[in-house]
Amino acid sequence: MKKKAEILRLDIVLLGDFNPKIFSPAWFSNIDLIGEKESEEANVELIHQDVSIFSLDWCRFQVTRDRFSIFTEQEAYFTKLIDLVIQTFTYLSHTPIVALGANWGGHYKADSEEEWHRFGHFLAPQIPWLNIFENPAVFKIEIMEKHPEIYSSFGKKQVRVEPSGQVNHGVFINLNDHYELEPDAKRVGCSEMISLFENNREKSSQKYTNLVQTLFDNFEAAKK
């Protein structure tokens, strides 16, 4: 398996209580988070009280009443995307947010169809499925653990591996680095959540790098 991704993407998803119609290219420009020219050239699909969908040349937004998401498939803009989320909700500090997920994903190409199948069998051995399926193949596998390093949160790391829908004989590896805070009736707004994410932003990226490296190293060791 090639350890360098053919395509990398970063999605950041926040769950909470949002007012979709305020999120527009013009609004982001008015508070100086994007440039005026960038705002004018944005592709606006819909701005409505229930949903807002628009794209800049490097990212795409979709906001509903309970979900804010932004993603890019341009690795050079990963830092900018994280900064934009932090700055947005620092400005909107009274927005109630109950969870935040940084989803790091990459499409990795196998050297051959045979290796592609071998990687699937490495993740999910065929033996338990013999006499049940004639030729069992991996559709999707998910592994999860709670955040051991963030004791103040109810967060988790969830890894999903599945066949790539964008790369022939490729696999898509996704890490959902998920953050939640202990329920607190006295908490107002999202400052604590955004601070938690900001303080762990570098670790979040490194988790994905380490995940992919270790997974492929273990695969190579299993072939020996």
Kindly indicate whether the side chain of Tyr91, heavy atoms from C-beta on, has any atom under 4.5 Å from the side chain of Leu33.
no

Closest heavy-atom pair, Ser69 versus Val13, reported as atoms and distance to 0.1 Å, is CB-CG2, 4.0 Å

Can you find a pair of side-chain heavy atoms, one from Gln158 and one from His178, that are under 4.5 Å apart?
no

Could you state the interatomic distance from CD1 (Ile34) to SG (Cys59), rounded to the nearest 0.5 Å?
8.0 Å

Tell me whether the rings of Phe219 and Phe122 are parallel (<30°), tilted (30 to 60°) or perpendicular (>60°).
tilted

Looking only at side-chain N and O atoms, does Tyr179 offer a donor or acceptor that is under 3.5 Å from a partner on Asp177?
yes

May I ask you to decide if the ring planes of Phe133 and Trp129 are parallel, tilted or perpendicular, using 30° and 60° as cut-offs?
tilted

Can you tell if the side chain of Thr88 reaches within under 4.5 Å of the side chain of Phe28, non-hydrogen atoms only?
yes

Ring centroid separation for Phe89 and Phe68, is it under 6.0 angstrom?
yes

Taking the side chain as every heavy atom from C-beta outward, state whether Asn168 and Lys109 have any atom pair closer than 4.5 Å.
yes

Please round to the nearest 0.5 Å and tell me the distance separating atom CZ of Arg67 and atom CG of Leu15.
7.0 Å

Determine, stepwise, if the pair Ile12 / Phe197 fulfils side-chain contact (heavy atoms from CB on, under 4.5 Å).
CA-CA 11 Å; Ile12 298 183; Phe197 175 56; 3.9 Å; yes

How far apart are the closest heavy atoms of Cys190 and Ile97, and which atoms are they?
CB-CD1, 3.6 Å

Side-chain donor or acceptor of Thr214 paired with backbone N/O of Asn210 under 3.5 Å:
yes

Can Leu211 be reached from Ile141 by stepping across I, L, V, M, F, W or Y side chains whose heavy atoms are under 4.5 Å apart?
yes

Are any of the side-chain nitrogens in Arg65 or Asp17 under 4.0 Å away from the carboxylate oxygens of its partner?
no

Counting only heavy atoms not in Glu45 (residues, nucleotides, ligands), do more than 12 fall under 6.0 Å from its CD?
yes

Flag if over 12 foreign heavy atoms under 6.0 Å of CD, Glu134:
no

Validate the cation-pi geometry between Arg60 and Phe54: distance from NZ or CZ to the six-membered ring centre under 6.0 Å, angle to the ring axis within 45°.
no

Does a sphere of radius 6.0 Å around CD1 in Ile132 hold more than 12 heavy atoms from other residues, nucleotides or ligands, not counting ones at 6.0 Å or beyond?
yes

Quick one: do Leu123 and Tyr208 end up in the same hydrophobic cluster if we chain Ile, Leu, Val, Met, Phe, Trp and Tyr together by side-chain heavy atoms under 4.5 Å apart?
yes

Within a strict 4.5 Å, meaning less than it, do heavy atoms of the Leu215 and Ile173 side chains meet?
yes

Does Val212 reach the side chain of Tyr108, with side-chain heavy atoms less than 4.5 Å apart?
yes

What distance separates His169 NE2 from Glu114 CD, expressed to the nearest 0.5 Å?
11.5 Å

Do Val159 and Asn174 have side chains that get closer than 4.5 Å, going by heavy atoms?
no

Using a distance-only test with no angle check, is there a side-chain donor-acceptor pair under 3.5 angstrom linking His117 and Glu115?
no

Quick one: pull up CG in Asp217 and CD in Gln213 and give me the separation to the nearest 0.5 Å.
4.5 Å

To check you understand the geometry: which heavy-atom pair defines the closest contact between Gly106 and Ala5, and what is its length?
CA-CB, 4.4 Å

Please lay out, stage by stage, how Arg187 and Glu192 fare under the test salt bridge (charged side-chain N to carboxylate O under 4.0 Å, His left out).
CA-CA 9 Å; Arg187 183 182 295 116; Glu192 189 175 352; 2.9 Å; yes

Does Ile22 share a hydrophobic cluster with Leu56, counting links as ILVMFWY side-chain heavy atoms below 4.5 Å and allowing steps through other members?
yes

Give the minimum heavy-atom separation between Ser204 and Ala102, together with the two atoms involved.
OG-CB, 3.8 Å

Minimum heavy-atom separation for Glu180 to Met193, with atom names?
CA-CE, 4.0 Å

Starting from the C-alpha separation in whole Å, work towards a yes-or-no answer on side-chain contact (heavy atoms from CB on, under 4.5 Å) for Val161 and Lys140.
CA-CA 6 Å; Val161 184; Lys140 179 169 65 175; over 6 Å; no

How close do Lys21 and Ile47 get, heavy atom to heavy atom, and via which atoms?
O-CG2, 3.8 Å

Establish whether Phe71 and Leu100 are linked, either directly or via other cluster members, by ILVMFWY side-chain heavy-atom contacts under 4.5 Å.
no

For residues Asn43 and Ser55, is any side-chain donor paired with an opposing acceptor at under 3.5 Å?
no

So, Gln166 and His107: side-chain donor and acceptor under 3.5 Å apart, yes or no?
yes

Report, one line per pair, each donor and acceptor closer than 3.5 Å where one atom sits in a side chain of residues 73-87; sequence neighbours left out.
residue: Gln74; atom: NE2; partner: Asp57; partner atom: O; Å: 2.9
residue: Asp83; atom: OD1; partner: Arg201; partner atom: NH1; Å: 2.8
residue: Asp83; atom: OD1; partner: Arg201; partner atom: NH2; Å: 2.9

CD (Gln206) and CG (Asn200) are apart, to the nearest 0.5 Å, by 13.0 Å

Distance-only polar pair, side chains of Trp104 and Ser205, donor-acceptor under 3.5 Å:
no

CD1/Ile194 to OG1/Thr95 distance, rounded to the nearest 0.5 angstrom?
9.0 Å

Steps toward side-chain contact (heavy atoms from CB on, under 4.5 Å) verdict (Lys156, Glu145):
CA-CA 6 Å; Lys156 62 184 178 181; Glu145 75 167 349; over 6 Å; no

Any side-chain heavy atom of Leu196 sitting closer than 4.5 Å to one from Leu181?
yes

Are Ile70 and Val98 linked, directly or through other ILVMFWY residues, by side chains that come within less than 4.5 angstrom of each other?
no

